[in-house]
S.K.: 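The structure under discussion is supplied below as structure tokens; questions concerning it will follow.
So that the names make sense, note that chain A is the first sequence line, chain B the second, and so on, each numbered from 1.
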Number of protein chains: 2
Amino acid sequence: MNKNRNVTIKDVAKKAGVSVSTVSRAFNGYSDINKETRERIFKIAEEIGYVPSILARGMRAEKANRIGIAIEDYDENEPTYSFTYRILVGFMEYASERGYEVVFLPNLSKYQESRLVQILKDYHLDGVFLVGLKLSDEFYKQALRGEFPCVLFDIPIKRGKIGFVGTDSIKGASLAIEHFVKNGHKKIAFINGHENAYVSLQRLDGYYLSLMKNDITIDKTLIYFGDFTEESGKEGVRELFNRHRDISAIFAASDLMAIGAIKELKKMGKRIPDDVEIIGFDDLDLSAYITPKLSTIRQNSYKIGVSAATLLINLINGQNINQIILEPELVLRQSTKN
Amino acid sequence: MNKNRNVTIKDVAKKAGVSVSTVSRAFNGYSDINKETRERIFKIAEEIGYVPSILARGMRAEKANRIGIAIEDYDENEPTYSFTYRILVGFMEYASERGYEVVFLPNLSKYQESRLVQILKDYHLDGVFLVGLKLSDEFYKQALRGEFPCVLFDIPIKRGKIGFVGTDSIKGASLAIEHFVKNGHKKIAFINGHENAYVSLQRLDGYYLSLMKNDITIDKTLIYFGDFTEESGKEGVRELFNRHRDISAIFAASDLMAIGAIKELKKMGKRIPDDVEIIGFDDLDLSAYITPKLSTIRQNSYKIGVSAATLLINLINGQNINQIILEPELVLRQSTKN
DNA sequence: TAATTAGACTAAAACGTTTTAGTGAAACTT
DNA sequence: AAGTTTCACTAAAACGTTTTAGTCTAATTA
């Protein structure tokens, strides 16, 4: 494919009667260039179909105009990949609009021995979006040093060149609880994620805040800490109904746990939403297909991707916004009375 | 990130006491290089952590060692992206193992005016995997010219530098029909995809073949042509049961259509699998979550990605395998009697 | 013994950019 | 009138590779 390469900057220069450097400067928005010259250059470039080679640019320039997206290890049995895919596409589309090339780094954990910053250099990346990184992960610690631009999903670090993108979990939880309160529930159980996830703490805050605002006394035995998986949702229901047999509403911190909970509730002979109402968190594609269709707090995964790209590119270019918090949305379906 | 760039080929050359070209030749597997020298070079490279710059290489070399994956336009409402994601990851992982960098081309249709071959040059790609390409698509016609290495999913072109990857649809359909026959069904309906999709024809062949093999007379009014969507699955059931009220088994050419069919059957008061057994095709993540859990012909999406990468890299390197057909697998769940 | 070939290596050009360090002319200052 | 500044531009080096066209020595052949 490289044989008779494309139109190069030289062709544009020749045709415009200027030097190669002038064309380069025009394309890179330098100021010391005559307006007419600049326009002529752009017109000619357009005409002959010139596109700067990202490879050549990356080799010479400070910035390669390439960013990476590193994704959690692949698991054959994980049913949430449509969510990941939407993040990915949002990230890609925005990045490509801004002239960045996106390089996918699969199986990051394979490289655990080497330093993350080394990998970024090897790949000529200006920055990286880390999604699904575990807090225990070695790369996580390296990222924290803030040596290079880096965006994290659901992990609220905002120091140095590190950015953070996530959904407002306090608000998300509140939306769910408010809905239950409106429907007259007093005994609202909460199946949370594990305690060392930031979002779990946030969702817990939202749960507390909403209950307090509505003068419902908080009962910690109505809270169960799972690990976001379907199995832990089932476990949560067993445990909670062991403690209280009159729970009438459940808020789960992930759709997967909500789905597990529903399965377990059905097994116990409970009708949903008549006996128990339930609201999840995420809005997986799955959630609209289970029976009953799951009401949930929607995170806009596509927008998460777009925001991550926005943030990362800003960080690379030295700007100082370093977090984007997205609005959650309550989606009412069949697991609640509406 | 580019400031104090990495270890380069020069560092290796200096330390090994040879010229840069020798190191390059060693790394590219040239033969006219002494075995000891080669080994010394590799050892030193390993020691000081040398990794060839893919950018520099791509600029100079015939091949850039970069391949693209172009994906169907993003649709917010499409529920099958976990399937796409698995293809993607399979493709990525294999390509990266073989030393290829993968470039994601989102929204290919945005570029419709320009020639595909032009795009590949602009991006310095050695080849591309096109997934979800419509037959009506302009790029499809361009791909067919075979000017550059290119792999298609589910579209059986095998000429020139074009490769084809897919699941054996004849066999897949047979698996489903054989199961129904074994369970004693005679009136087996078929909700197929649209007639101009290759896989629809294959699945139809499989359907015919299996019926004939089992001495069941073929009744064309038991066949409905949908368009792979959920809605057309519903429509299919309405239409088919209008024609025959005693259908006891349905094979659908996509899980989405099977899901639509199930919804419609439930609405009609049919019990699944007691009144009607149903088998889909694909095995989406969704399918294990609907009620009843869908029995289906599984396509291994991860393997599809791996196979596409394998094929593409072979085509680029001038080898002549140009198709990989994967084995389907019958997955029995709750929509059939097992 | 002279000529050829094989083996192991190298110098330098090339790829398409960006960037550094200017240049020359025109327009201002003093 | 001499010096300074601004404007618009450029030549050439640099980025890290691969590749072309050798070179030099030693071994083989005629």
S.K.: For A/Gly166, does its backbone N or O pair with a side-chain atom of A/Asp154 as donor and acceptor, under 3.5 Å?
M.R.: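 Between the backbone of A/Gly166 and the side chain of A/Asp154 there is no qualifying donor-acceptor contact (under 3.5 Å).
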
S.K.: Please enumerate all protein N or O atoms sitting under 3.5 Å from an N or O of nucleotides 23-27 of chain D, with distances to 0.1 Å.
M.R.:
none

S.K.: What pairs with A/Phe42 under ring pair (Phe, Tyr, Trp, His ring centres under 6.0 Å), at least two apart in sequence or on another chain?
M.R.: A/Phe27

S.K.: Measure from the side-chain N and O atoms of A/Arg38 to the backbone N and O of A/Tyr30, and report whether any donor-acceptor pair falls under 3.5 Å.
M.R.: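 At least one qualifying donor-acceptor pair exists.
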
S.K.: A/Asn6 has an atom CG; how far is it from atom P of C/dT17, in whole Å?
M.R.: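 Going from A/Asn6 (CG) to C/dT17 (P), I get 9 Å.
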
S.K.: To the side chain of B/Asn34, which of C/dC15, D/dT18, C/dC9 is closest?
M.R.: C/dC9

S.K.: Expressed in angstrom and rounded to an integer, what is the separation of B/Tyr50 atom OH from D/dG16 atom C1'?
M.R.: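 The answer, rounded to whole Å, is 7 Å.
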
S.K.: Using the salt bridge (Lys or Arg N to Asp or Glu O under 4.0 Å) criterion, which residues pair with A/Arg66? Sequence neighbours excluded.
M.R.: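 Salt bridge (Lys or Arg N to Asp or Glu O under 4.0 Å) check on A/Arg66 returns A/Glu101, B/Glu101.
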
S.K.: In residues 9-33 of chain B, which residues come under 4.0 Å of DNA chain C by heavy atom?
M.R.: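 DNA chain C contact set from residues 9-33 of chain B: B/Val18, B/Ser19, B/Ser21, B/Thr22, B/Arg25, B/Asp32, B/Ile33.
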
S.K.: To the nearest 0.5 Å, what is the distance between CD on A/Glu78 and CZ on A/Phe83?
M.R.: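 That separation rounds to 11.5 Å.
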
S.K.: Using a 3.5 Å cut-off and no angle test, enumerate the donor-acceptor pairs between side-chain atoms of residues 9-22 of chain A and protein atoms at least two apart in sequence or in another chain.
M.R.:
residue : atom : partner : partner atom : Å
A/Asp11 : OD2  : A/Thr8  : N            : 2.8
A/Ser19 : OG   : A/Ser21 : N            : 3.3
A/Ser19 : OG   : A/Ser21 : OG           : 3.1
A/Ser19 : OG   : A/Thr22 : N            : 3.3
A/Ser19 : OG   : A/Thr22 : OG1          : 3.1

S.K.: According to ring pair (Phe, Tyr, Trp, His ring centres under 6.0 Å), who are the partners of A/Tyr74, at least two apart in sequence or on a separate chain?
M.R.: A/Tyr81, B/Tyr302

S.K.: Applying salt bridge (Lys or Arg N to Asp or Glu O under 4.0 Å), can you list everything that pairs with B/Glu327, at least two apart in sequence or on another chain?
M.R.: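 Salt bridge (Lys or Arg N to Asp or Glu O under 4.0 Å) check on B/Glu327 returns B/Lys171.
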
S.K.: Rounded to whole Å, please give me the gap between CG in B/Leu55 and C1' in D/dC15.
M.R.: 10 Å

S.K.: If only atom types and distance count, is the side chain of B/Arg86 paired as donor or acceptor with the main-chain N or O of B/Ile304 below 3.5 Å?
M.R.: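 Not at all, since once roles are kept as given, no pair shorter than 3.5 Å links the two residues.
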
S.K.: Taking all non-hydrogen atoms of both residues into account, name the closest pair between B/Leu315 and B/Ile321 and its distance.
M.R.: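 For B/Leu315 versus B/Ile321, the nearest heavy atoms are CD2-O, 4.2 Å.
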
S.K.: Could you tell me which residues satisfy side chain to side chain donor-acceptor pair (under 3.5 Å) with B/Asp73, sequence neighbours excluded, listed by chain and number?
M.R.: B/Ser109

S.K.: Whole angstroms only, please: what is the CZ-P distance between B/Arg60 and C/dA13?
M.R.: 12 Å

S.K.: For the helix from C/dT1-D/dA30 to C/dT30-D/dA1, measure the angle between the helix axis at one end and the axis at the other, each built from five pairs, rounding to 10°.
M.R.: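 Comparing the axis at each end, I get an angle of 50°.
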
S.K.: Going by number, which of residues 40-49 of chain A have a non-hydrogen atom under 4.0 Å from DNA chain C?
M.R.: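 Nucleic-acid contacts, sorted: none.
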
S.K.: Just the rounded figure in Å: distance from P of C/dA8 to CD of B/Glu36.
M.R.: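 Nearest whole value for this atom pair: 10 Å.
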
S.K.: How would you list, by chain and number, every residue that makes a salt bridge (Lys or Arg N to Asp or Glu O under 4.0 Å) with B/Arg159, sequence neighbours excluded?
M.R.: none

S.K.: Could you give all pairs that pass the salt bridge (charged side-chain N to carboxylate O under 4.0 Å, His left out) test and reach residues 17-30 of chain A, with sequence neighbours left out?
M.R.: A/Arg25-A/Asp32

